[in-house]
**Q** 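Pasting a structure below so you can have a look.
Order of listing sets the numbers, starting from 1, for every ligand and every atom in it.
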Amino acid sequence: MSFPATRMRRLRRTKALRDLVRETDLAPQHLIQPLFVVAGEAVRESVESMPGIDRFSINEVVAEATELQAAGIGAVILFGVPSEKDELASGAYDDEGVVQMAVRALKEAHPDLTVITDVCLCEYTSHGHCGFVRDGEVDNDITLELLAKTAISHADAGADVVAPSDMMDGRIGAVRHQLDEEGHANTPIIAYSAKFASAFYGPFREAAESTPEFGDRRGYQMDPANAREALREAQLDVEEGADMVMVKPALPYLDVIQRFRAEFDLPIAAYQVSGEYSMLKAAAANGWIDDRAAALESLTAIRRAGADVILTYYAKEAAGWLS
Ligand code: PBG
């Protein structure tokens, strides 16, 4: 029965009624904080394009984790910014590399913090591509070996979860196989299944110093126009042993998150990327939008679309707002 019998506003009249019928919840335990780790000691330097985000040396990242846990954030994902880069991305699978050392320090100081590592080569290659370059192209199968080595060194250091973000074919299977071979059968994999070749990664590349020196990433990351292809990517990752599948970026790809939710019973992750964060911060700095309201609305929308967990630079701040 329609108006006047049905009045949708009845259940919107009071805050208590609105709280009662809210369909989507957003809580600190849904959020993962990305952290940039740099070499050196007592370093805490701000990332200009990402107001409120710092790059931390290892001792500082341990201190930051104390604050994150106090705020209710239970998981972090680490990105390394090494002091040296080369064509083989040696820093990525160096047992004394910046991420490996940060994982050890974090797990020692905060045993119940879930430490996830981003497994990719782009921060470690001299040319900034996500794999080994041969004849001007990223060679898929050689890259798989380097990625598997990287995942093993993270797991050896104590990482709770590894998250390959390179978009090579077969990487989930390669990483799963190697983890199982080398005593890490219990280490879960979050697959960056649908990682789009997005303009929204700009600020991250400043923070991680990972802008490709030539060309772009369209030869391995996905075309933003394709959603059916995203489902094929995720299907393959599930078959290869992924424990969670991710959509990245988040807000411009809510339809993909929703399709993942409908298609798969695995937990779904979404990555609210650097550009999404920087846009909100820049508009807020100009007084054009309310930072808190816009951030919480965006995060709620990502949850509503079907994400179980959200990787977001707002994690710590949002946890404060939500408590
Ligand atoms: C790299 C990686 C990227 C991001 C996460 N892992 C960047 C890229 O592909 O250039 C982007 C994250 C962000 O923008 O916040 N493997």
**Q** Any atoms of ligand 1 less than 4.0 Å from a non-hydrogen atom of Tyr271? List them with their elements.
**A**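 Counting atoms of ligand 1 from 1, those under 4.0 Å from Tyr271 are 12 (C), 15 (O).
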**Q** Give the residue, atom name and distance (to 0.1 Å) of the protein heavy atom nearest atom 12 (C) of ligand 1.
**A**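 It is Phe204 CD1, 3.3 Å.
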**Q** Checking a contact table here: which protein heavy atom is nearest atom 2 (C) of ligand 1, and how many Å away?
**A**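 Residue, atom and distance for the closest contact: Lys195 NZ, 3.2 Å.
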**Q** For a side chain to side chain donor-acceptor pair (under 3.5 Å) with Thr312, tell me which candidate from Gln272, His30, Glu317, Glu276 qualifies.
**A**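 Considering Gln272, His30, Glu317, Glu276, a side chain to side chain donor-acceptor pair (under 3.5 Å) with Thr312 is found only for Gln272.
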**Q** Return yes when Gln272 approaches ligand 1 closer than 4.0 angstrom through a heavy atom, no otherwise.
**A**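 No, Gln272 has no heavy atom closer than 4.0 Å to ligand 1.
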**Q** Spell out, as yes or no, whether a donor-acceptor pair under 3.5 Å connects the side chain of Gln100 to the backbone of Ala157.
**A**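 The answer is no, because no donor-acceptor pair under 3.5 Å joins these two groups.
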**Q** Which part of Asp118 is near ligand 1, with near meaning a heavy atom under 4.0 Å away: side chain, backbone, both or neither?
**A**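 For Asp118, only side-chain atoms sit under 4.0 Å from ligand 1.
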**Q** Show the atoms of ligand 1 that are less than 4.0 angstrom away from any heavy atom in Ser165.
**A**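 Heavy-atom distances to Ser165 below 4.0 Å select 1 (C), 6 (N), 16 (N).
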**Q** What protein heavy atom lies closest to atom 10 (O) of ligand 1? Include the residue and the distance to one decimal.
**A**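 Heavy-atom neighbour on the protein nearest atom 10 (O) of ligand 1: Arg205 NE, 2.6 Å.
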**Q** Decide whether the shortest distance between a heavy atom of Lys248 and an atom of ligand 1 is less than 4.0 Å.
**A**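 Flag set, Lys248 near ligand 1.
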**Q** Tell me the contacting part of Tyr277 for ligand 1: side chain, backbone, both, or neither, using a 4.0 Å heavy-atom threshold, strictly below.
**A**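 It is neither part, as no heavy atom is under 4.0 Å.
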**Q** Would the distance check show the side chain of Thr125 and the main-chain N or O of Ala89 forming a donor-acceptor pair, the cut-off being under 3.5 Å?
**A**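 It does not hold such a pair.
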**Q** Here's one to test your reading of the geometry: is the NZ or CZ of Lys248 within 45 degrees of the ring axis of Tyr201 and under 6.0 Å from its centre?
**A**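 Lys248 over Tyr201 ring: yes.
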**Q** Using a strict threshold of under 4.0 Å (side-chain N to carboxylate O), is an ion pair present between Arg304 and Glu23?
**A**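 Answer for the salt bridge query: no.
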**Q** Where does Cys122 meet ligand 1, judged by heavy-atom distances below 4.0 Å: at the side chain, the backbone, both, or neither?
**A**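 Cys122 to ligand 1: side-chain contact only, backbone stays beyond 4.0 Å.
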**Q** Go through ligand 1 atom by atom and flag the ones less than 4.0 Å from a non-hydrogen atom of Arg217.
**A**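 In order of numbering, the contacting atoms are 8 (C), 9 (O), 10 (O).
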**Q** Checking ring pair (Phe, Tyr, Trp, His ring centres under 6.0 Å) for the pair Tyr314/Tyr277: CA distance, chi angles, key distance, verdict?
**A** CA-CA 7 Å; Tyr314 274 108; Tyr277 175 83; 4.7 Å; yes
**Q** Taking only heavy atoms of Cys120 into account, list the atoms of ligand 1 that are under 4.0 Å away from them.
**A**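 Taking each heavy atom of Cys120 in turn, ligand 1 has 16 (N) under 4.0 Å.
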**Q** Please say which of Glu209, Met50, Glu60, Arg44 ends up in a side-chain contact (heavy atoms from CB on, under 4.5 Å) with Arg55.
**A**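 Answer to the side-chain contact (heavy atoms from CB on, under 4.5 Å) test with Arg55 among Glu209, Met50, Glu60, Arg44: Glu209.
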**Q** Numbering the atoms of ligand 1 from 1, which are under 4.0 Å from a heavy atom of Tyr313?
**A**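 Those of ligand 1 that fall under 4.0 Å from Tyr313 are 12 (C), 13 (C), 15 (O).
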**Q** Regarding ligand 1, does Ser274 bring an N or O atom to under 3.5 Å of one of the ligand's N or O atoms?
**A**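 Looking only at distances, the answer is yes, because the N/O contact criterion of under 3.5 Å is met.
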**Q** Below 4.0 angstrom, N of the basic side chain to O of the carboxylate: do Asp19 and Lys15 qualify?
**A**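 A salt bridge is present here (some side-chain N lies under 4.0 Å from a carboxylate O).
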**Q** Go through it in stages, so that I can follow the logic: the residues are Tyr93 and Tyr124, the test is ring pair (Phe, Tyr, Trp, His ring centres under 6.0 Å), and I'd like the CA-CA distance, side-chain angles, deciding distance and then a yes or no.
**A** CA-CA 10 Å; Tyr93 40 87; Tyr124 305 90; 8.7 Å; no
